[in-house]
Amino acid sequence: HDYITDFETDGDGSTLFASSADGTLSVFDVRFAGRRGTPRSVVLPCVDPHEAQQQKAKKSTWESSGYARSDNQEDELLSLSLIKNSKKLLVGTQDGMLSLFSHGQWGDMSDRFPGHPASIDALLKIDED
């Protein structure tokens, strides 16, 4: 648990993305905020292997409460930018790597682009590509 480094929303404002210095990406469906019976607090997933089968039978955190969180990326996530008509999320890191997340697969990055000599503190989208 660390500080939030950047926010981004999708085009219709229904999804909020937050990068964090602890190396995780959090995704919130803000439409769940006003629903009764949905959790208001963040609950970390259970990692007990004996409960893995039980967890599969339950709805995912995204389906039940509109929240998803990535695995720890082992680097501070500093900046965010949605590209490809909100189908991809580009993330700048402390070590100068660009990470790419695919829509709906927020657990881990789908691609990475190393080579920047310093931290990527800000991203600016020029166009959708």
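The residues of the chain are indexed from 1 along the displayed sequence.
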Does any part of the side chain of [Y], heavy atoms only, come nearer than 4.5 Å to the side chain of [X], both counted from C-beta?
X: S99; Y: T93; value: yes
X: L123; Y: L98; value: yes
X: L25; Y: L77; value: yes

Is there a path from [X] to [Y] through hydrophobic residues (I, L, V, M, F, W, Y) whose side chains come within less than 4.5 Å of each other?
X: M109; Y: L89; answer: yes
X: F28; Y: F7; answer: yes
X: Y67; Y: V30; answer: yes

For [X] versus [Y], what's the shortest heavy-atom pair and its separation?
X: E128; Y: I83; result: OE1-C, 3.7 Å
X: R31; Y: S14; result: NE-CB, 3.7 Å
X: L80; Y: E8; result: O-OE1, 3.5 Å
X: T5; Y: S19; result: OG1-OG, 2.7 Å
X: S20; Y: Y3; result: OG-O, 3.2 Å
X: S86; Y: H103; result: O-CD2, 3.7 Å

> Without hydrogens or angle criteria, can the side chains of K87 and S102 be said to hold a donor-acceptor pair below 3.5 Å?
Replying inline: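 No donor-acceptor contact under 3.5 Å links the two side chains.
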What distance do [X] atom [atom1] and [Y] atom [atom2] have between them, rounded to the nearest 0.5 Å?
X: Q73; Y: D95; atom1: CD; atom2: CG; answer: 12.0 Å
X: S79; Y: I120; atom1: OG; atom2: CD1; answer: 6.5 Å
X: L82; Y: F17; atom1: CG; atom2: CZ; answer: 5.0 Å

>> So does A18 get a backbone contact from the side chain of D6, meaning a donor-acceptor N/O pair under 3.5 Å?
In response: no
>> Evaluate T24 against S70 for side chain to side chain donor-acceptor pair (under 3.5 Å), listing each step before the verdict.
In response: CA-CA 5 Å; T24 60; S70 75; 5.3 Å; no
> Got a salt bridge between K84 and D127, using NZ or NE/NH1/NH2 to carboxylate O under 4.0 Å?
Replying inline: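 So K84 does not pair with D127 through a salt bridge.
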>> T15 and side-chain hydrogen bond (donor to acceptor under 3.5 Å, both in side chains): which single residue from D29, T9, D10 fits?
In response: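 For T15, the side-chain hydrogen bond (donor to acceptor under 3.5 Å, both in side chains) test succeeds with only one of D29, T9, D10, which is D10.
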> Run the side-chain contact (heavy atoms from CB on, under 4.5 Å) check on F101 and L90 step by step: do they pass?
Replying inline: CA-CA 7 Å; F101 287 84; L90 195 59; over 6 Å; no
